[in-house]
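Reviewing the structure listed below.
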Amino acid sequence: MAPDLPGLGIVERGAVAARDGRIVHAGPESALPAALLKGAEVIDCEGRWITPGLVDCHTHLVYAGDRAAEFEQRLAGATYEEIARAGGGIVSSVRAVREAGEDELVRQSLPRLDALLAEGVTTVEVKSGYGLALEPEVRCLRAARRLGQERAVTVQTTFLGAHALPAEANGDKDAYIAEVAEKMLPAIAALGLADAVDGFCEGIAFSPAQIERVFEAARRHGLPVKLHADQLSNLHGAALAARYHALSADHLEHTDEEGAQAMAAAGTVAVILPGAFYFIRETRKPPVELFRRHGVPMAVATDANPGTSPLTSPLLAMNMAATLFGMTVEECLKGVTREAARALGLQEETGTLEPGKRADLAVWDIERPAELVYRIGFNPLFARVWRGQ
């Protein structure tokens with residue numbers, strides 16, 4: 001998966017060697033230095049395929065309850081916007097999260113994390129955004145960090161205070177954004193609970209000007225930004241994200257050429273989220289061909305969340321990205337490894353099999369890499385290795 005190699009950088013009869021949780025060799029077995037074998041534990045994978053451990057770079061994994069009732073409403077004809085304006089949507093998850101303690105949030109979230117790990121995930125991003133006040137947002141971020149203590153996985157946390165407007169804001173988005181930018185974000189930064197800051201730029205959420213206030217606050221506190229952009233309409237969120245050199249812009253169904261060009265120039269990753277597109281029955285596809293033409297790196301993620309993408313399968317996310325959006329096998333596989341790591345600012349740490357990077361691996365019972373994208377409801381994971389273990 002190394003950037004300077006053609007295609008996937010496939011190595012036949014390969015070997016990976018690790019020391020102290022870091023890769024020290026990845027390449028042909030014939031090129032493995034004899035010195036590395038002295039006293040080493042040797043594991044014969046018997047011809048199976050080894051890829052980088054998968055990276056799920058966009059999840060809302062920490063939440064309480066579910067929104068199956070809204071699923072029924074949508075099947076009966078209600079739109080995402082109608083459900084949100086009637087007090088459902090994100091706000092209904094907020095109520096459940098505020099009523100749950102940290103231990104309960106961890107307890108409910110662990111099975112979702114376990115489902116990701118069972119498909120080879122070694123790094124996962126977890127957003128807050130269901131607290132919408134300082135104390136419950138802190139609780140969610142603490143719960144997310146605890147997931148990384150309970151399981152052998154790297155957890156990146158993202159503060160998503162600008163996710164929705166809480167009921168107590170009485171419709172005053174500007175006042176709430178001021179609270180996010182001037183009180184919540186500085187407090188969370190001081191506690192060291194966030195690796196990045198995100199926002200939802202959309203008509204039913206926050207305007208570009210309001211998101212800019214949050215991004216300016218993130219900049220003051222030295223935190224990188226990400227953005228839910230152009231999902232339901234084109235508010236030029238992709239271009240806004242690029243102006244702030246965002247790690248990623250996510251969803252992007254309505255992104256235009258100007259937005260794609262801006263992302264390419266800024267090195268902002270396009271995170272493709274087919275689970276949400278499928279689940280809320282969208283018809284506007286993200287402009288994959290535009291991203292290709294302008295050289296925008298594309299990641300693929302589950303968007304695991306209770307309301308619009310209750311998906312905990314990166315393998316299915318890849319299949320959806322291929323079948324619904326026309327992404328190639330190569331794009332999908334890089335999208336859950338190298339480019340997903342880039343979307344988290346972790347490209348120097350994981351996402352490819354290269355010396356110096358973490359020994360995060362997935363070992364698969366497959367005949368060829370395309371099987372990881374082609375199959376539906378089938379998990380060929382043989383073993384998962386996190387930091388050499």
For His251 and Asp230, which I'm curious about, is there any donor-acceptor pair between the side chains at under 3.5 Å?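 No, Asp230 and His251 have no side-chain donor paired with an acceptor closer than 3.5 Å.
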
Open item on the list: Looking only at side-chain N and O atoms, does Ser109 offer a donor or acceptor that is under 3.5 Å from a partner on Arg112?
Closed with: yes

Should [X] and [Y] count as side-chain neighbours, where that means a heavy-atom distance under 4.5 Å?
X	Y	answer
Arg243	Pro208	no
Leu75	Glu72	no
Val55	Leu346	no
Asp66	Phe71	no
Cys45	Phe382	no
Val106	Leu147	yes
His60	Asp198	no

I need the minimum non-hydrogen distance between [X] and [Y], along with the two atoms involved.
X	Y	result
Glu339	Pro297	OE1-CB, 3.4 Å
Ser313	Leu316	OG-N, 3.0 Å
Phe215	Lys226	CZ-O, 3.4 Å
Val97	Tyr63	CG2-CA, 3.9 Å
Leu117	Arg384	O-CD, 3.2 Å
Leu32	Ala17	CD1-CB, 4.1 Å

Notebook entry, point to check: Cationic tip of Arg368 within the cone over Tyr374's six-membered ring, i.e. under 6.0 Å and within 45° of the normal?
Noted result: no

Derivation of the side chain to side chain contact (heavy atoms under 4.5 Å, CB included) call for Asp103 and Arg146: CA-CA 9 Å; Asp103 288 347; Arg146 275 182 56 189; 2.7 Å; yes

Q.
Set out, in order, the CA-CA distance, both residues' side-chain angles and the distance that settles side chain to side chain donor-acceptor pair (under 3.5 Å) for Thr154 and Arg387, then state yes or no.
A. CA-CA 9 Å; Thr154 301; Arg387 301 192 182 185; 2.9 Å; yes

OG1 of Thr337 to CZ of Arg342, rounded to nearest 0.5 Å, is 10.5 Å

Distance col, row Leu252:CG vs Met298:CE, nearest 0.5 angstrom, shows 11.0 Å

Same cluster or not: Phe378 versus Trp364, using hydrophobic residues (I, L, V, M, F, W, Y) connected whenever any side-chain heavy atoms lie under 4.5 Å apart?
no

Legend entry - Working for side chain to side chain donor-acceptor pair (under 3.5 Å), residues Tyr176 and Glu168: CA-CA 9 Å; Tyr176 176 69; Glu168 64 269 18; over 6 Å; no

Step by step, work out the side chain to side chain contact (heavy atoms under 4.5 Å, CB included) result for Leu333 and Met1.
CA-CA 9 Å; Leu333 290 171; Met1 301 283 187; 4.0 Å; yes

key: Steps toward side chain to side chain donor-acceptor pair (under 3.5 Å) verdict (Ser30, Arg13)   = CA-CA 8 Å; Ser30 59; Arg13 294 195 61 80; over 6 Å; no

* Asked: For atom CZ of Arg19, is the number of surrounding heavy atoms from other residues, nucleotides or ligands below 6.0 Å larger than 12?
  ->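 No - once you tally the heavy atoms of other residues, nucleotides and ligands closer than 6.0 Å, there are 12 at most.
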
Answer yes or no: are there more than 12 heavy-atom neighbours, outside Lys183 itself, under 6.0 Å from its atom NZ?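 It does not: Lys183 NZ has 12 such atoms or fewer within range.
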
Exercise. List the steps, then state whether side chain to side chain contact (heavy atoms under 4.5 Å, CB included) holds for Arg74 with Phe279.
Key: CA-CA 10 Å; Arg74 272 205 295 276; Phe279 197 75; 2.8 Å; yes

Gln108 and Glu104: CA distance, side-chain angles, deciding distance, side chain to side chain donor-acceptor pair (under 3.5 Å) verdict: CA-CA 6 Å; Gln108 291 195 37; Glu104 180 62 15; 2.8 Å; yes

